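Worksheet: one structure, shown below.
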Amino acid sequence: MQNTLVAIAHRASATVAAVAGLQARARAAGAPVVFAQQQDEELEPGTEGWRIVPELAPAAGEPVVPKAAPDSFLGTELDAVLRARGVTEVVVTGFATEICVESTARQALSRGYDVVLVADGHTTSVRPAASGRPAASGRYAAPAASVAHHNEIYRNLRFPGCRVRVLPAAEVDFGRGTPS
């Protein structure tokens, strides 16, 4: 949820608010909060657009894992950071649903983590109309349809040895340091 990406996000304010609420509850419960931050030619480190939105800024000591690919595990220290903290279940939020969120959630499962996809905690870009056509008639699914589609896929996804859940942010419980 970096400045440049949130600026083009569908339902940005609601998504940021849902994630901020999760962060506050996780911190209060002592659950680890870990950030994956994209950096590439469009999101150059140190620029305003690259920064995580102020509402979701990491607290002192919270790890920020730089990444250059949609998969937050690929070529990063994310797996090591999570395992060092004893994490067995990851709560996935962010931008963009069908790219980074999807790639990271699947890779978490492939690495043996249980996954909670936060139904209202991920979003994608607004699809501007091209050539006078409505946005939904382009090559991409409309943003709301894309979010709903991925939520439904994860509601029905079975992954051997892993638990997969889709929950609204309000139902994610960090009572024992991990979602229950």
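All figures in this text were calculated on a predicted structure; none of them were measured in a lab.
The structure places OG of Ser125 at 6.5 Å from CD of Glu98, a figure rounded to the nearest 0.5 Å.
A salt bridge does not link Glu171 with Arg165: every distance from a Lys NZ or Arg NE/NH1/NH2 to an Asp or Glu carboxylate oxygen is 4.0 Å or more.
Nearest heavy-atom pair, Arg27 versus Ala57, reported as atom, atom and distance to 0.1 Å: NH2-O, 3.3 Å. Here the shortest heavy-atom pairing between Pro32 and Val87 reads CG-CG2, 3.9 Å. For Pro66 against Val64, the heavy-atom pair with the smallest separation is CD-O, 3.4 Å. Contact between Ala36 and Ser72 at its shortest, heavy atoms only, is CB-OG, 3.4 Å. Taking both residues in full, the closest heavy atoms of Thr124 and Phe95 are given as C-CE1, 3.5 Å, listed atom of the first, atom of the second, then distance. For the residue pair Trp50 and Leu43, the shortest heavy atom distance occurs at CD1-O, 3.4 Å.
Linking Ile, Leu, Val, Met, Phe, Trp and Tyr whenever their side-chain heavy atoms come within less than 4.5 Å puts Leu109 and Val101 in one cluster. Placement of Val33 and Val6 within a single hydrophobic cluster is found when ILVMFWY residues are connected by side-chain heavy-atom separations under 4.5 Å, directly or transitively.
No option in Val34, Leu117, Leu82 other than Leu82 meets the side chain to side chain contact (heavy atoms under 4.5 Å, CB included) test with Val90.
Between Leu56 and Gln23 there is a side-chain heavy-atom pair separated by less than 4.5 Å. At a threshold of 4.5 Å between non-hydrogen side-chain atoms, the residues Val91 and Phe174 count as touching. Contact annotation: the side chain of Lys67 never approaches that of Gln39 to less than 4.5 Å [non-hydrogen atoms, C-beta and beyond]. Within the 4.5 Å cutoff, no side-chain heavy atoms of Glu152 are placed close to those of His149. Within the 4.5 Å cutoff, the side chain of His122 has heavy atoms near those of the Val147 side chain. Gln37 has its side chain out of reach of Val65: every pair of non-hydrogen atoms, C-beta onward, lies at least 4.5 Å apart.
Put simply, the side chain of Asp120 never gets that close to the backbone of Pro168: no donor and acceptor are under 3.5 Å apart.
A cation-pi contact links Arg83 to Tyr113, judged by a cut-off of 6.0 Å to the six-membered ring centre and 45° from its axis.
At most 12 heavy atoms of other shown residues, nucleotides or ligands fall within 6.0 angstrom of atom CD in Glu77. For Glu55, the CD atom is densely surrounded, since the number of other residues' heavy atoms within 6.0 Å is greater than 12.
A donor atom on one side chain and an acceptor atom on the other are not found under 3.5 Å apart for Thr97 and His150.
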